[in-house]
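Worksheet for the structure shown next.
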Amino acid sequence: MGWTLISLALFAAVLFGLYRYAVATNGVAVLDWVDRTIGGTKDTRTALRDVAYGPLPAQRLEVIVPSVDSPTKHAVVVFIYGGGWHSGKAGEYHFIGRTLARAGYVVVLPGYRLTPDGAFPNMLKDGAMALKWVHDNIAQQGGDSDRVFVMGHSAGAYNGMMLTLDRQWQGREGLPDGFIKGMIGLAGPYDFYPFTTDSARAAFAHVAEPAITQPITHVRSDAPPLLLLTGDLDTTVMPRNSLALAKAMTAAGAPTKAVVLKGMTHESIIMKLAQPFMRRDKRVIDAVLAFLAEHDSKASAPVQAKAG
């Protein structure tokens, strides 16, 4: 028994070390591999891989769906990955797709242009084009285009929040007002001017009016519901970003709560959506699924993600 416990502890330490290395190098593929190895792919299916939503090389997406037959269409989650606007690949985030697909959601993982080509506003133009693709095509993959949510981590949370709050981006693609039914931001930068990091300067320093780049500038009372999750140990994107946006939204007449998760870092908030880490700490997935169920007009009750 003693050697078994020691072996398990060593295995867990190796996994955590791999994860820390993966995040430090943005090699999230390692985390995806760990999730797939331990959690498997049961009840999920990669429906589309590397599909173009636009003419540029970066404008491609992946779709992961529940493999269990359903007589009705599934609500959709468009997950936008982070990476400081300079790195990241949609194909490395299948663990997010598997986690949410097991809970009954069709998941879209769009890529987007990265800096320098993806500097503001190009990353938002790409995001809007991906949403247009979802509107026009997701029914063919079992998704309901009337029940689309956006979710993002870090820079991806920024992209998602701008697409949600600043109407111009959806409007440019002819999407109906209210197309996004809710936005989930994980450790997102929403009020970060003046720009103090190399990644932020590369993405935004050229903008003549920096205020227009900030989600907090686009606060509105009729915005869709927002869930803002952040960690109290996050030193990459300070929790004040979520707190400030929640305060501004509430003052504008759209009550919004920022949830500060104790002991959570910038990296671990996304780590908790992958196996085996999600088994030990379900605070992130429980909050995400509860929010989706609450604001999905056709959901009857929160759905719990299945362990792989």
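Along the sequence shown, residues are numbered consecutively beginning with 1. Just so you know, these numbers use all the heavy atoms, side chains as well, and skip hydrogens, waters and symmetry mates.
Of the possible polar contacts, none joining the T46 side chain to the L48 backbone as a donor-acceptor pair under 3.5 Å is found. No donor-acceptor pair under 3.5 Å is formed between the side chain of D43 and the backbone N or O of S67. S242 places no side-chain N or O within 3.5 Å of a backbone atom of T230 that could act as its donor or acceptor partner. Using a distance-only test at 3.5 Å, with no hydrogens or angles considered, no donor-acceptor pair links the side chain of R45 to the main chain of A47. The closest donor-acceptor contact from the side chain of D296 to the backbone of L292 lies at 3.5 Å or more, if one exists at all. For N241 (side chain) and D191 (main-chain N/O), a donor-acceptor pair under 3.5 Å exists by modelled atom type. A side-chain donor-acceptor contact under 3.5 Å links R102 to the backbone of K42. Judged by distance alone, the side chain of H74 and the main-chain N or O of G143 form no donor-acceptor pair under 3.5 Å. No donor-acceptor distance shorter than 3.5 angstrom exists from the side chain of R172 to the backbone of A128, with no hydrogens or angles considered. No side-chain donor-acceptor contact under 3.5 Å links E62 to the backbone of P110.
Atom CZ in R280 sits 14.0 Å away from atom CE in M278 (nearest 0.5 Å). Once rounded to the nearest 0.5 Å, the distance linking CD of E209 with CD1 of I212 reads 5.5 Å. Note that CG of L165 and CD of Q170 are 10.0 Å apart. Values are rounded to the nearest 0.5 Å. Rounded to the nearest 0.5 Å, atoms NZ (K125) and CG (L163) are 13.0 Å apart. Once rounded to the nearest 0.5 Å, the distance linking OG1 of T99 with CG of L273 reads 6.0 Å. A distance of 11.5 Å separates CZ in F95 from CD in Q275, rounded to the nearest 0.5 Å.
Under a hydrophobic clustering in which Ile, Leu, Val, Met, Phe, Trp and Tyr are joined whenever their side-chain heavy atoms come within less than 4.5 Å, directly or via other members, M161 and Y193 fall into the same cluster. Both V51 and L109 belong to a single network of hydrophobic side chains, linked directly or stepwise wherever heavy atoms of I, L, V, M, F, W or Y lie under 4.5 Å apart. Note on L124 and I216: same hydrophobic cluster, where clusters join Ile, Leu, Val, Met, Phe, Trp and Tyr whose side-chain heavy atoms are under 4.5 Å apart, directly or indirectly. In the hydrophobic clustering of ILVMFWY residues, with side-chain heavy atoms under 4.5 Å counting as a link, V237 and F192 come out apart. Transitive grouping of hydrophobic side chains (ILVMFWY, heavy atoms separated by less than 4.5 Å) brings V150 and V259 into a common cluster.
Note on K181 versus D146: no salt bridge recorded, every NZ/NE/NH1/NH2 to OD/OE distance being 4.0 Å or above. Contact check on D232 versus K262 returns no salt bridge, with no Lys/Arg side-chain nitrogen under 4.0 Å from an Asp/Glu carboxylate oxygen.
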Apply side chain to side chain contact (heavy atoms under 4.5 Å, CB included) to residues L261 and V284 and explain how you reach the verdict. CA-CA 9 Å; L261 300 170; V284 176; 3.8 Å; yes
The test is side chain to side chain contact (heavy atoms under 4.5 Å, CB included); show your working for L131 and V78 and say whether it passes. CA-CA 8 Å; L131 290 176; V78 179; 4.1 Å; yes
Run the side chain to side chain contact (heavy atoms under 4.5 Å, CB included) test on N122 and D117 for me, step by step, so that the C-alpha distance in whole Å, both residues' side-chain angles and the decisive distance to 0.1 Å come before the verdict. CA-CA 7 Å; N122 287 345; D117 293 341; 5.6 Å; no
Would you check, one step at a time, whether the test salt bridge (charged side-chain N to carboxylate O under 4.0 Å, His left out) holds for R60 with D50? CA-CA 5 Å; R60 308 186 77 83; D50 200 33; 2.8 Å; yes
Check step by step if side chain to side chain contact (heavy atoms under 4.5 Å, CB included) holds for L100 and F149. CA-CA 12 Å; L100 294 176; F149 295 84; over 6 Å; no
Where do H135 and F179 land on the ring-ring contact (aromatic ring centres under 6.0 Å, His included) test, with the steps shown first? CA-CA 8 Å; H135 177 272; F179 174 67; 5.5 Å; yes
Would you sort out whether D35 and R98 count as a salt bridge (charged side-chain N to carboxylate O under 4.0 Å, His left out), showing the intermediate values? CA-CA 9 Å; D35 175 85; R98 290 189 293 269; 2.9 Å; yes
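H218 places a side-chain heavy atom less than 4.5 Å from the side chain of M162. For the pair M129 and P55, the minimum side-chain heavy-atom distance is below 4.5 Å. For the pair L245/V219, a side-chain contact is recorded, criterion being any heavy-atom separation below 4.5 Å from C-beta on. Annotation: side chain of K272 is not in contact with side chain of I285 (no heavy-atom distance under 4.5 Å). Side-chain contact between I64 and Y93: absent, with no pair of heavy atoms (C-beta onward) separated by less than 4.5 Å. Within the 4.5 Å cutoff, no side-chain heavy atoms of D126 are placed close to those of M123. With contacts defined as side-chain heavy-atom distances shorter than 4.5 Å, the pair M264/D281 qualifies.
Using modelled atom types, one finds a donor on one side chain and an acceptor on the other under 3.5 Å when comparing S268 with T265. Looking only at atom types and distance, the side chain of S154 has a donor-acceptor partner in the side chain of H266 under 3.5 Å away.
Annotation for A252 and S221: closest pair O-CB, 3.1 Å, computed over non-hydrogen atoms. Shortest non-hydrogen contact noted between V107 and A101 is CG2-N, 4.0 Å. Of all non-hydrogen atoms in S199 and G84, the two that sit nearest each other are CB-O, 3.4 Å. What you find for A157 and M183 is that their closest heavy atoms are O-CE, 3.5 Å. Considering every non-hydrogen atom in both A187 and D234, the closest pair reads CB-OD2, 3.5 Å. Scanning all heavy atoms of the two residues, the minimum distance from T44 to T41 falls at OG1-O, 2.8 Å.
Screening Y112, W85, Y190 for a ring pair (Phe, Tyr, Trp, His ring centres under 6.0 Å) involving Y158 leaves a single residue, W85.
Within 6.0 Å of atom NZ in K132, more than 12 heavy atoms from other residues, nucleotides or ligands are found, so the atom counts as buried in its surroundings.
Ring geometry for F204 versus F195: interplanar angle under 30°, hence parallel rather than tilted (30 to 60°).
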